[in-house]
Q: 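Structure incoming, see below.
All values reported here derive from a predicted model rather than from experimental measurement.
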Amino acid sequence: ARSILVRKFAPQIMKPFFLSCDWGTSSFRLRCMDTATGDCLKEWRDQIGVKAFAHQHRALDPQARAEAFEGFLCEAADRLLAELGAPNEMVTMVLSGMTTSTIGWMDLPYAKTPFALDGTQAVTHERKGKTPKGREISFTLISGVCSDHEMMRGEETELMGLFRMPCHADLAENCVTILPGTHSKHIHIRSKKIEAIETFMSGECLEVLSQHSILSANADMEVLWKQGFQWTGEEQKKAFTDGVHRSARRGLLGNLFQTRTRGVLHQHPSSTNVWFLVGLLIGEEWVTFKEHHSGDLPVLLAAGNKFSHLYDQAARTLELTNPIHTVEPSTMEMASSLGHALFI
């Protein structure tokens with residue numbers, strides 16, 4: 001029977017390992033985690049996000065579509081555990097991200113803010129399954145968090161993981177945590193609870209504008225992927241900082257067309273000019289932050305290796321005075337799995 005519940009913690013027999021699944025809008029990640037040490041024993045990544053997977057199976061009825069999601073996860077579990085040489089015993093998989101959204105495996109209601117970072121208020125769903133190789137699997141799906149006007153799925157689990165760490169204990173009393181991505185989140189933490197959420201569609205806007213708008217001829221998105229979002233010279237860096245500066249004037253809509261005029265009137269190559277567009281979008285986030293928060297409110301920049309230097313450079317370009325604490329990329333990589341461990 002379908003059960004939606006607020007997670008209640010009780011003593012359990014500790015399993016030697018569990019599976020940690022972070023399935024977002026645009027990517028899939030499955031890890032086998034050592035329960036005792038928190039080490040990652042094996043990992044499998046794929047670019048098949050929930051959005052693309054749902055689109056591939058859009059013609060199916062709801063039950064068949066749900067079975068497709070479960071089948072994909074069971075096959076992924078078999079594959080990962082076979083590579084690890086794990087015994088064919090029951091395993092627990094904890095999932096967060098878009099699996100519990102309207103486009104995911106099953107739509108679960110959001111937990112409400114204020115949301116305690118220890119996970120005790122999380123809305124979860126538990127069910128049993130069996131993999132193609134006959135392994136019994138216990139799924140625990142973690143839903144998202146919403147306020148009256150905002151929502152997120154997956155980021156709350158990363159936050160639960162990050163704030164388990166002693167080095168972030170003081171910031172859990174009052175800070176804004178920035179989690180860049182397809183839908184960048186600015187999350188106000190106070191008294192170890194998520195109090196407020198703001199969403200900036202920076203990543204999705206970059207993709208849409210650089211591929212499906214008139215700006216596509218003057219902003220080469222492929223360059224960003226090939227370079228791993230790292231600029232390769234002073235011209236690209238200057239284009240980025242120019243975009244950040246422009247974001248502080250006339251707002252985003254008043255500046256976007258400059259991406260085209262820079263290319264047409266000033267012959268900036270699209271491989272450089274795309275960085276101007278990136279600067280506009282990230283700059284817009286910081287400009288909005290600056291308008292709504294005091295200059296002494298600490299920031300936890302949980303950007304990982306790909307975006308950390310971009311957000312840091314943009315903040316310095318706009319001369320923000322807020323103390324900015326940067327999460328180490330290796331720590332950020334493990335954040336969701338550390339959050340998942342709370343549910344074992």
Q: Before giving the answer on side chain to side chain donor-acceptor pair (under 3.5 Å), spell out for Thr288 and Glu198 the whole-Å C-alpha distance, their side-chain angles and the decisive distance to 0.1 Å.
A: CA-CA 10 Å; Thr288 304; Glu198 286 184 284; over 6 Å; no

Q: Would a 4.5 Å heavy-atom cut-off, applied to side chains only, mark Met165 and Leu338 as touching?
A: yes

Q: Identify the heavy atoms of Asn322 and Ser294 that sit nearest to each other, and give their distance.
A: ND2-O, 2.6 Å

Q: So, the side chain of Asp39 versus the backbone of Leu41: is there a donor-acceptor pair under 3.5 Å, distance only?
A: no

Q: Under the side-chain contact (heavy atoms from CB on, under 4.5 Å) rule, what do Thr177 and Phe163 come out as? Steps first, then yes or no, please.
A: CA-CA 11 Å; Thr177 300; Phe163 285 100; 3.6 Å; yes

Q: Using the test side chain to side chain donor-acceptor pair (under 3.5 Å), find all partners of Thr99 that sit at least two apart in sequence or belong to another chain.
A: none

Q: Take Val274 and Leu215, measure what side-chain contact (heavy atoms from CB on, under 4.5 Å) needs, and give me the verdict at the end.
A: CA-CA 9 Å; Val274 68; Leu215 304 184; over 6 Å; no

Q: Minimum heavy-atom separation for Phe17 and Ala86, please, with both atom names.
A: CZ-CB, 4.0 Å

Q: Are Phe69 and Met106 side-chain neighbours, meaning at least one heavy-atom pair lies under 4.5 Å?
A: no

Q: In sequence, state the C-alpha distance, the side-chain angles, and the governing distance for Thr25 and Glu204, and then conclude on side-chain contact (heavy atoms from CB on, under 4.5 Å).
A: CA-CA 10 Å; Thr25 303; Glu204 188 160 359; over 6 Å; no

Q: Please state whether the rings of Phe229 and Trp225 are parallel, tilted or perpendicular, taking 30° and 60° as the class boundaries.
A: perpendicular

Q: Shortest non-hydrogen contact from Cys175 to Leu300?
A: SG-CB, 4.5 Å

Q: How far does CD of Glu207 sit from CG of Leu224, to the nearest 0.5 angstrom?
A: 11.5 Å

Q: Decide whether Ser337 and Arg31 meet the rule of one side-chain donor and one side-chain acceptor closer than 3.5 Å.
A: yes

Q: With a 4.5 Å heavy-atom cut-off, do Met93 and Leu30 have their side chains touching?
A: yes

Q: Taking Arg65 for its side chain and Pro62 for its backbone only, find out whether a donor-acceptor pair lies under 3.5 Å.
A: no

Q: Pairing donors with acceptors under 3.5 angstrom, does anything connect the side chains of Asn218 and Arg260?
A: yes

Q: May I have the step-by-step check of side-chain contact (heavy atoms from CB on, under 4.5 Å) for His55 and Arg58, ending in yes or no?
A: CA-CA 5 Å; His55 183 74; Arg58 65 191 182 280; 3.3 Å; yes

Q: Is it true that Arg153 and Thr100 share a donor-acceptor pair across their side chains at a distance under 3.5 Å?
A: yes

Q: Does any part of the side chain of Lys112, heavy atoms only, come nearer than 4.5 Å to the side chain of Cys146, both counted from C-beta?
A: yes

Q: Drop me the distance from Leu301's CG to Phe307's CZ, to the nearest 0.5 angstrom.
A: 11.5 Å

Q: Taking the side chain as every heavy atom from C-beta outward, state whether Phe276 and Arg246 have any atom pair closer than 4.5 Å.
A: yes

Q: Compare every heavy atom of Lys42 with every heavy atom of Leu80, then report the nearest pair and how far apart it is.
A: CD1-CG, 3.4 Å

Q: To the closest 0.5 Å, what do you measure between OG (Ser147) and CD (Glu195)?
A: 11.0 Å

Q: Can you tell which of Trp105, Phe72, Phe139 makes a ring pair (Phe, Tyr, Trp, His ring centres under 6.0 Å) with Trp23?
A: Phe72

Q: Would you call Arg249-Asp242 a salt bridge at under 4.0 Å N-O?
A: no

Q: NE2/His168 to CD1/Ile189 distance, rounded to the nearest 0.5 angstrom?
A: 12.0 Å

Q: With under 30° as parallel and over 60° as perpendicular, where do the rings of Phe289 and His293 fit, or are they tilted in between?
A: tilted

Q: Between the main-chain N or O of Ala82 and the side-chain N or O of Lys133, is there a donor-acceptor pair closer than 3.5 Å?
A: no

Q: Parallel under 30°, tilted from 30 to 60°, perpendicular over 60°: which one fits the rings of Trp231 and Phe240?
A: tilted

Q: Between Glu83 and Arg79, does at least one N-O distance fall below 4.0 Å, as a salt bridge requires?
A: yes

Q: In terms of the angle between their ring planes, are Trp44 and Phe28 parallel, tilted or perpendicular, with boundaries placed at 30° and 60°?
A: perpendicular

Q: Looking only at heavy atoms, what is the nearest atom pair of Lys193 and Pro114, with distance?
A: CD-CB, 4.0 Å

Q: Hydrophobic clusters here meaning ILVMFWY residues chained together by side-chain heavy-atom distances under 4.5 Å, can you tell me if Phe343 and Phe18 are in one?
A: yes

Q: Could you give the distance from OG (Ser216) to CG (Leu277), rounded to the nearest 0.5 Å?
A: 11.0 Å

Q: So, taking the atom named NE2 in His340 and the one named OG1 in Thr92, what distance separates them when rounded to the nearest 0.5 Å?
A: 13.0 Å

Q: Please give me the minimum heavy-atom distance between Thr124 and Leu108, naming the atom from each residue.
A: C-CD1, 4.3 Å

Q: Quick one: does Leu117's side chain get under 4.5 Å of Glu156's, heavy atoms only?
A: no

Q: For residues Ile282 and Val244, determine if any side-chain heavy atom of one lies less than 4.5 Å from a side-chain heavy atom of the other.
A: no

Q: Has the side chain of Thr157 got a donor or acceptor atom that lies under 3.5 Å from a matching backbone atom of Ser336?
A: no

Q: Would you kindly say whether Gln258 and Thr261 are connected by a side-chain donor-acceptor distance under 3.5 Å?
A: yes

Q: Are Arg262 and Glu235 within salt-bridge range, i.e. N to O under 4.0 Å?
A: no

Q: Taking side chain as C-beta onward, heavy atoms only, is Val91 less than 4.5 Å from Arg135?
A: yes

